[in-house]
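Quick notes on the structure that follows.
Letters A, B, ... are given to chains in the order of the sequence lines, protein chains preceding strands, and every chain is numbered from 1.
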Amino acid sequence: MSNGFDDIPFFDEEPAPRKPATGATSGSEPASGGLGIAARAMAARDQARGPDYLAGLNPEQREAVETTDGSVLVLAGAGTGKTRVLTTRIAHILATGRAFPSQILAVTFTNKAAREMKERIGMLVGGAVEGMPWLGTFHSIGVKLLRRHAELVGLTSDFTILDTDDVVRLIKQLIQAEGLDDKRWPAKQFAAMIDGWKNKGLDPSQIPEGDARAFANGKGRELYAAYQNRLKSLNACDFGDLLLHPIRMFRANPDVLKDYHQKFRYILVDEYQDTNTAQYMWLRLLAQRPQGIPQNVCCVGDDDQSIYGWRGAEVDNILRFEKDFPGAKVIKLERNYRSTEHILGAAGHLIAHNEGRLGKTLFTDRREPDDEKVVVHAAWDSEEEARAVGEEIERLQRGDADGRKHNLNDMAILVRASFQMREFEDRFVTLGLNYRVVGGPRFYERLEIRDAMAYFRLVCQPADDLAFERIVNTPKRGLGDTTVRALHDYARARDIPMLAAAADIVETDELKPKARKALFDVIQMFRRWQELLETTPHTELAEQILEESGYTDMWKNDKSADAPGRLENLKELVRSMEAFESMRGFLEHVSLVMDAEQNEDMDAVSIMTLHSAKGLEFDTVFLPGWEEGLFPHQRALDEGGRAGLEEERRLAYVGITRAKRRCHIWFVSNRRIHGLWQSTMPSRFLDELPVTHVEVAQTEQSYGGYGRGGYGQSRFDKADPFANSYSTPGWKRAQQNKSEATRDNWGSRSGHAVERIGYGESGPRARTIEGELVAKSVADTPSKFAVGDRVFHIKFGNGNVAAIEGNKLTINFDRAGEKRVLDGFVEPVS
DNA sequence: ACCAACATTGTTTTT
DNA sequence: CAATGTTGGT
């Protein structure tokens, strides 16, 4: 299977192969000016019939791939093969010898997108993508640049990257240091303001006067400046700095910039509509070149899918591309390979209500007689909405209408706001319907992981005060607020890191003897670990740190039900370190790639927000909550005005276009918001849908019904006496179960661990939380447990099996009480 | 230093 | 309503 790459050498990165002298292209620079012999031969062949990887592209896609030189904007509508174009384009550049892998700069927004691109390029070129060192997120590429040139912006190359949590704690200290009331001026809010300024590329001196005055009695600007100073003294960067520092660096050092101009022969940007001002400035610096240096930029995006305006994205960037890059070629991809005509028709009609768009109309050739129109349903309240959606899902799962059975994996519920999820979770738990919440709390945000990471950080970076403060009294060592405060002041007065200050202060008698002893022990520990850093394998050292610090013991002694899970997570953390060469390398990875693998092998309905659904597709999509105030969201209207409304509409467009075959939209007349019931109006977006592609569901039984009036009962309801009555213990238990489950699913907000519920296998499961507490009968599989068995559950702890139905166990847990759980979620205790 | 009662505040999320 | 954070008690 020739893919056109057999003769293309892949190079490792540093130093960039200025004069490559390997294999087929030997002796000549792979520039447009002078092609290697093999490349020329391939080009000749390609001219005749095109290489394999171009086969199957439509004419627009092919044009987008083959227009390699100059500036190109690809307007890629939903489902038009955007990623395919991007990856094939890179493959094409490589195959034709136009550039080496290390000479292509390809930028994405998320690690997920970067990973996917790497994978797909790998498929095209046969796996050797390690040779593309400059494919990554804006931030990861920013780090790479900064590590090389750190001294040019006043850092050293081993700077620390702070995450939001660190930043907030740091700002809180600064606010307190200013003598301000940190309650009146919340650090979180100021962190968000700084983030906003940085998204716009603004230094403390450049922020608008009004913004500066709006915070901390007019001290906004000073506070921002103080924050930057503090970062510098900590040798640290926040996420915004990863973009801003390179910008500063390039501006102040034109010679360095010029090197990169020459290095990056081709620049590609994914999701261009999501770029913020800082990213835009960054990109322009790299992409706009002086006469004589070729300028090949390709931005791919869709103005209709710009849904991140609220976090600084400027749709304007894509709208004015042609002005920024004169002579740019604009290629529209409008042929959709995903959805039915009805779905595209509905989405297209809706989005046409937006002004200020570049204007695309998606079309498809796909037309089948049984294509369903988009269905709009009305429900009395959100509870009924969830119930009806659940029934529809079960209907599809059973496969009645067209006789086909549908996988839960092919269905998704896309909500505007995450509080809507709960109602569905509740319902699915009682139905025993598997679901997964996508986009929840992440592995690396869990309390225990962050604590452990703080230990590792401090060992590698003794100046990391934030890490120090985090763990100095975790586990409890009797080093409370007062001691830490004293230490803090001591360190500040002398302008030294806190760990160093601690070493000094134990020599004095400034502290009480008890604290002094405790602190001394801490210092000794870290001294030892720092020595071992050079000699001991890093995973071994990590284990040792967690043991000797007493951190694992802390959780072993913790009686709460989620302690075992946390210990398991810590093991997983150490395990995941094995893939890295050093502790430093691992820390770098974690600070940038804050997500982990998700478990895809269970059949489950996905529940997620519309925002996190972007880029995904499902056979069947449910869009609940189309009511004024929720969708479009009141706040978007209040704060964003017309632009806000248009962004909401784009969100609706994104939602509909996720569907391949079926799209069900719901609205309710009554919804509980902030605890109280409010009556609601149908969303204006409903009236913006075209009648030709939409049908209104017949209000079969239930509209206006009270509670359990006339709605149809599901098969499961009938089968399970527990699931159907509000007054039975079963219902109450289910309520209990689900509320515990949701609490824990969102637990990391409060700094608590997120439990993996069920599935015995290990592996960090960050973005996906499986919520299936109540069992679902699988009659054929007899349980391996017997009544009376002693079992352990990762969330509920130990308990005794009280009853068994199929693989569904009722267990009396020592701590959590009686729960019904699938037998796969518990293991026997000997 | 730790826990329990009270007040506060409610979009969307990545790096 | 319910999750979060702060205050005040022991």
Quiz item: Is a side-chain donor-acceptor pair under 3.5 Å present for His488(A) with Arg485(A)?
Solution: no

Quiz item: Which nucleotide, dA3(C), dT11(B), dA1(B), lies nearest any side-chain atom of Arg422(A)?
Solution: dA3(C)

Quiz item: According to the Watson-Crick and G-U wobble definitions, with both distances under 3.5 Å, which nucleotide is paired to dT12(B)?
Solution: none

Practice problem: State which of dT13(B), dA1(B), dT15(B) makes the closest approach to the side chain of His611(A). | Solution: dT13(B)

Quiz prompt | Option among Val143(A), Thr108(A), Leu592(A), Asp270(A) that satisfies the side-chain contact (heavy atoms from CB on, under 4.5 Å) test with Thr137(A) | solution = Thr108(A)

Quiz item: Starting at OH of Tyr444(A) and ending at P of dT13(B), how long is that distance when rounded to a whole Å?
Solution: 21 Å

Quiz item: Around Lys198(A), counting heavy atoms of other residues, nucleotides and ligands shown, do more than 12 lie under 6.0 Å from its NZ?
Solution: yes

Exercise. For Glu648(A), answer base if it contacts any base atom (sugar-phosphate contacts may also be present), sugar-phosphate if it contacts only those atoms, and nothing otherwise; contact means non-hydrogen atoms under 4.0 Å.
Key: base

Quiz prompt | Candidate nucleotides dT15(B), dT11(B), dA1(B), ranked by approach to the side chain of Glu639(A) - the nearest | solution = dT11(B)

Quiz prompt | Gap in Å between the two C1' atoms, one belonging to dA2(C) and one to dT13(B), rounded | solution = 22 Å

Quiz item: Got a sec, which residues hit ring pair (Phe, Tyr, Trp, His ring centres under 6.0 Å) with Phe428(A), two or more places apart in sequence or on another chain?
Solution: none

Practice problem: Starting from the 5' end of DNA chain B, give me the residue, Phe239(A) or Glu647(A), whose nearest nucleotide shows up first. | Solution: Glu647(A)

Self-check item: Nearest listed nucleotide, side chain of Ser612(A), among dT13(B), dG10(B), dT12(B)
Solution: dT13(B)

Quiz prompt | Nearest-angstrom distance from the residue atom NE2 of His633(A) to P of dG10(B) | solution = 11 Å

Quiz item: Salt-bridged, Glu116(A) to Lys112(A), with N to O below 4.0 Å?
Solution: no

Quiz item: Looking at the side chain of Lys476(A), which of dC2(B), dT15(B), dT14(B) is the nearest nucleotide?
Solution: dC2(B)

Quiz item: Please give, in whole Å, the distance from dG5(C) C1' to Lys188(A) NZ?
Solution: 10 Å

Exercise. Specify the separation, in whole Å, of atom CG of Leu676(A) and atom P of dT9(B).
Key: 17 Å

Quiz prompt | Interatomic distance where CZ belongs to Arg115(A) and P belongs to dT14(B) [whole Å] | solution = 12 Å

Quiz prompt | Touch class at under 4.0 angstrom, heavy-atom based, for Leu479(A) against every strand present | solution = sugar-phosphate

Quiz item: Using a cut-off of 4.0 Å on non-hydrogen atoms, how would the nucleic acid contact of Thr164(A) be classed: base, sugar-phosphate, or nothing?
Solution: base

Quiz item: Of the candidate nucleotides dT15(B), dT13(B), dA1(B), which contains the atom at the shortest distance from the side chain of Thr110(A)?
Solution: dT15(B)

Quiz item: Rounded to the Å, how far apart are Asp274(A) CG and dT12(B) C1'?
Solution: 13 Å

Exercise. Quick one: label Gly240(A) by what it contacts on the DNA or RNA (base, sugar-phosphate, nothing), any heavy atom closer than 4.0 Å.
Key: nothing

Quiz item: Can you say whether the rings of Trp626(A) and Phe631(A) are parallel (under 30°), tilted (30 to 60°) or perpendicular (over 60°)?
Solution: perpendicular

Quiz item: Does Tyr308(A) lie flat on the base of dT13(B), that is, centres under 5.5 Å apart and planes under 30° off?
Solution: no

Exercise. Would you kindly say whether Asp464(A) and Gln461(A) are connected by a side-chain donor-acceptor distance under 3.5 Å?
Key: no

Exercise. Establish, with yes or no, whether the OP1 or OP2 oxygen of dT12(B) is under 4.0 angstrom from a side-chain nitrogen or oxygen of Ser418(A).
Key: yes

Quiz item: So which nucleotide from dT15(B), dT13(B), dA1(B) ends up closest to the side chain of Asn473(A)?
Solution: dA1(B)

Quiz item: Does OP1 or OP2 of dT14(B) have a side-chain N or O of Thr137(A) closer than 4.0 Å?
Solution: no

Quiz prompt | Distance-only side-chain donor-acceptor flag, Glu271(A) / Gln273(A), under 3.5 Å | solution = yes

Practice problem: Could you give the distance separating dG5(C) and dT12(B) at their P atoms, to the nearest angstrom? | Solution: 16 Å

Quiz item: Would you say dT14(B) has OP1 or OP2 under 4.0 Å from some side-chain N or O of Asn111(A)?
Solution: no

Quiz item: Taking atom P of dT12(B) as reference, at what distance in whole Å does atom CG of Leu637(A) sit?
Solution: 16 Å

Quiz item: When the distance from CD of Gln678(A) to C1' of dG10(B) is rounded to whole Å, what number comes out?
Solution: 12 Å

Practice problem: Quick one: do Trp310(A) and His633(A) satisfy ring-ring contact (aromatic ring centres under 6.0 Å, His included)? Show the steps, please. | Solution: CA-CA 13 Å; Trp310(A) 52 274; His633(A) 199 280; over 10 Å; no

Sort me out a list of protein N/O and nucleotides 6-8 of chain C N/O pairs below 3.5 Å, or just none if empty.
from	atom 1	to	atom 2	distance (Å)
dT6(C)	OP1	Lys172(A)	NZ	3.2

Quiz item: Taking for each residue the nucleotide of DNA chain B with the nearest heavy atom, is it Arg477(A) or Ser591(A) whose nucleotide lies nearer the 5' end?
Solution: Arg477(A)

